[in-house]
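Numbers for residues simply follow the sequence, beginning at 1.
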Amino acid sequence: MSRGIHVDVITELAKDAFNMAHIVSIDFSQTVYLTDYAHDIVYSGDTYSASSHLLQLSQVNETSDAQVGTFTINLSGVEQSFVATLLSENYIDREVVISRVILDSVGTIIGEPIPLYNGRIDGFGIKDDMKTSQINLSVASHWSDFEKESGRRTNHNGQQIHFTGDKGFEFAANTVKDIKWGRS
C-alpha cells in the first residue's frame, strides 16, 4: 500500500487547526460507505455517509515483523441492516478499506486520502445489553489465511460432503497406516 502523502495534505497539517475524518468502505453485496465526520463526504464518486452507527475504529499497529495485522470496527447493532447483512451474506473475506482524510472548512477532501488499512473481514461478534447493541467487525490483512490448507480431505466424511452415499473412501483411513513411503 502506497504511503505517500499529497503535498496539499502536508501543507494543511502544518497549520494550527485542521479537520480530519476517516472514510470506511465495506464490500458487502452492496458496498457500505461510512465516515465518522459530521457530514457526508464525497470521494471518487462515492458518498461516505455520516453515521452515528460507526462507533469506533481500533488503532492500527504496524511492526517490521512479518505478521498478520488485525483491526476492529465497532458498529452500532441498533442499525439492523448491518446485522441482517452479516447474518444473511457470506461476509468472510470481504474487503474493507479505511483511510484518513483532511478536510477544508466546507468538508471537501484536501489532496488525497491517507491509506490506513486494507484488509478482509474474518469474523464478527454482537454484544448486547439492556441499553446498547454493538457489532465488532474483525478485519485482518490479506495474509490472514496464508497458512490455510485448502483442498479436499481424502476421508469418508469429506467424500460424503460432495458425493452423499459414495463409499469410495469408507476404509481409506485403514489403508494408509501400512504405507512405507520411500522403502521397498
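- Criterion: ILVMFWY side-chain heavy atoms under 4.5 Å apart, direct or through other members. Under it, L87 and I92 are part of a common hydrophobic cluster.
- Looking only at side-chain heavy atoms (C-beta outward), H22 and L116 come within less than 4.5 Å of each other.
- Residues S138 and D122 bring a donor and an acceptor atom of their side chains to less than 3.5 Å of each other.
- At least one side-chain heavy atom of N136 sits less than 4.5 Å from a side-chain heavy atom of Q134.
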- Given side-chain contact (heavy atoms from CB on, under 4.5 Å), test I98 with I73 step by step and report yes or no. CA-CA 10 Å; I98 301 164; I73 300 172; 3.9 Å; yes
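- Hydrophobic clustering places V32 together with L75 (ILVMFWY residues linked when any side-chain heavy atoms are closer than 4.5 Å, directly or through intermediates).
- With rounding to the nearest 0.5 Å, the separation of CZ in F124 from OG1 in T85 is 10.5 Å.
- Applying the side chain to side chain contact (heavy atoms under 4.5 Å, CB included) test to I10 and every residue at least two apart in sequence or in another chain returns I5.
- Note that CD of E112 and OG of S99 are 10.0 Å apart. Values are rounded to the nearest 0.5 Å.
- Taking every heavy atom of both residues into account, A21 and T35 meet most closely at CB-OG1, 4.0 Å.
- Side-chain contact between V139 and Y117 is present, with heavy atoms from C-beta onward closer than 4.5 Å.
- If you chain together ILVMFWY residues whose side-chain heavy atoms come under 4.5 Å of each other, Y48 ends up grouped with I23, Y33, Y37, I41, Y43, V101, L103, I109.
- N19 is not listed as a side-chain neighbour of I102, based on a closest heavy-atom distance of 4.5 Å or more.
- With hydrogens and angles ignored, the 3.5 Å screen pairs a side-chain donor or acceptor of D40 with a backbone N or O of A50.
- With sequence neighbours excluded, no residue satisfies ring pair (Phe, Tyr, Trp, His ring centres under 6.0 Å) with F28.
- Partners of S29 according to the side chain to side chain donor-acceptor pair (under 3.5 Å) rule, which considers only residues two or more places apart in sequence or in another chain, are E89.
- Proximity of R94 to R120: side-chain heavy atoms (C-beta onward) are nowhere separated by under 4.5 Å.
- Remark: D128 engages I126, S133 in a side chain to side chain contact (heavy atoms under 4.5 Å, CB included) (not counting sequence neighbours).
- Across all their heavy atoms, L137 and L86 have their closest contact at CD1-CD2, 3.9 Å.
- Counting heavy atoms from C-beta on, the side chains of I121 and D93 never come closer than 4.5 Å.
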- T164 and D166: CA distance, side-chain angles, deciding distance, side-chain contact (heavy atoms from CB on, under 4.5 Å) verdict: CA-CA 6 Å; T164 305; D166 186 359; over 6 Å; no
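- When every heavy atom of K131 is checked against every heavy atom of D129, the shortest pair comes out as N-OD1, 2.9 Å.
- Legend: residues meeting side chain to side chain donor-acceptor pair (under 3.5 Å) with S49, ordered by chain and number and at least two apart, are absent.
- Contacts of T31 classified as side chain to side chain donor-acceptor pair (under 3.5 Å), with partners at least two apart in sequence or in another chain: D27.
- By the side chain to side chain donor-acceptor pair (under 3.5 Å) test, T108 is found to be paired with no residue, residues two or more places apart in sequence or in another chain being considered.
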